[in-house]
Amino acid sequence: MIVCGHRGIASLAPENTLAGLREAHRLGFTWVEIDVQLTRDEQVVVAHDEKVNRCTNGKGWLRQFDWQELSRLDAGSWFSPAFADERIPLLRDYLALATRLGMHVNIEFKLYPGDDAERLCRRVSEIMAPGPFAPEKLLFSSFEPDCLRHLQKLQPNVARALLVEKIPDDWQTQLHRLSCRALHCHYRHLTQAQAQAVSAAGYQLNCYTVNQQCQADKLASWGVNMIFTDKPLTTSGRR
Ligand code: G3P
Ligand code: CA
């Protein structure tokens with residue numbers, strides 16, 4: 001089982017920052033998960049919340065900031081003064097660093113009510129077009145099936161995962177329709193029988209957000225392929 005750093009490695013560095021990516025790499029992680037959204041001027045940035053309030057020294061809706069304004073915000077001091085130089089990264093810069101470090105990245109397409117899924121997918125696809133981001137080192141995921149449909153057309157070579165909280169009855173039909181490689185679910189709702197059924201159907205099963213070693217060990221024994229964690233957990237001593 002792979003242990004993937006959630007939002008970088010959110011318990012040890014400010015989430016969704018380049019510092020988090022470096023820290024995850026330093027600890028031996030080979031995968032990180034991040035969230036992406038669009039600014040008002042259609043730049044793709046790495047950020048989780050709909051507002052900038054929690055993770056920066058600014059206030060307001062992220063989608064109402066132009067990149068230039070957003071790039072001036074301090075995205076690290078809320079976590080610790082040692083990270084005062086951190087900024088909300090552009091996806092392009094995040095992927096460039098991940099490529100240099102040889103890291104795999106799960107990009108979650110974060111869509112809030114009113115956001116345009118196609119626009120976000122198109123902009124991410126444009127960023128990827130010039131390379132050198134290896135498709136096999138990326139995994140796209142979203143709670144929005146529409147988003148996965150757009151990605152299937154725009155970037156067919158990058159694997160996709162459907163994100164759900166609780167596995168729905170029609171999971172297999174949805175994964176088949178969207179040509180997904182993986183299903184991502186909250187570990188709390190998962191049963192061993194479901195885990196076995198997803199694996200038996202030939203899909204990967206990845207669980208969020210697992211912050212206890214005993215939970216990680218149980219999911220590994222159920223055949224789960226990857227967990228997302230804020231903490232430096234291991235699986236059989238590895239990440
Ligand atoms: O992608 C798994 C997990 O990150 C989804 O929840 O809210 O942490 O983005 P959230
Ligand atoms: Ca996420």
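Computation of the quantities below employed the complete heavy-atom set of this structure, encompassing side-chain atoms and omitting hydrogens, waters and symmetry-equivalent molecules. Remember, it's a predicted structure, so these values are computed and weren't measured experimentally. Counting starts at 1 for both ligands and their atoms, following the listed order.
Per residue Glu33, closest N, O or S atom to the Ca ion (ligand 2): atom name OE2.
By the 4.0 Å N-to-carboxylate-O rule, Arg7 lies too far from Asp230 to be salt-bridged with it.
Vertex the Ca ion (ligand 2); arms to Glu108 OE1 and Asp35 OD1; angle rounded to 10 degrees, 90°.
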Please assess Glu69 against Arg40 for the test salt bridge (charged side-chain N to carboxylate O under 4.0 Å, His left out), listing each intermediate value before the final yes or no. CA-CA 10 Å; Glu69 303 167 86; Arg40 185 169 57 188; 3.4 Å; yes
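If you take CZ on Arg92 and CG on Leu97, they are separated by 15.0 Å, rounding to the nearest 0.5 Å. Distance check: Phe140 CZ to Asn106 CG gives 10.0 Å after rounding to the nearest 0.5 Å.
Checked against a 6.0 Å centroid threshold, the rings of His6 and Tyr208 do not count as neighbours.
Pairs engaging residues 22-33 under the side-chain hydrogen bond (donor to acceptor under 3.5 Å, both in side chains) rule: Glu23-Arg26 [sequence neighbours left out].
Annotation: ligand 1 has protein neighbours His6, Arg7, Glu33, Asp35, His48, Glu108, Lys110, Leu163, Tyr208, each with a heavy atom less than 4.0 angstrom from the ligand.
The two atoms that bring Phe79 and Ala13 nearest to each other are CZ-N, 3.3 Å, heavy atoms only.
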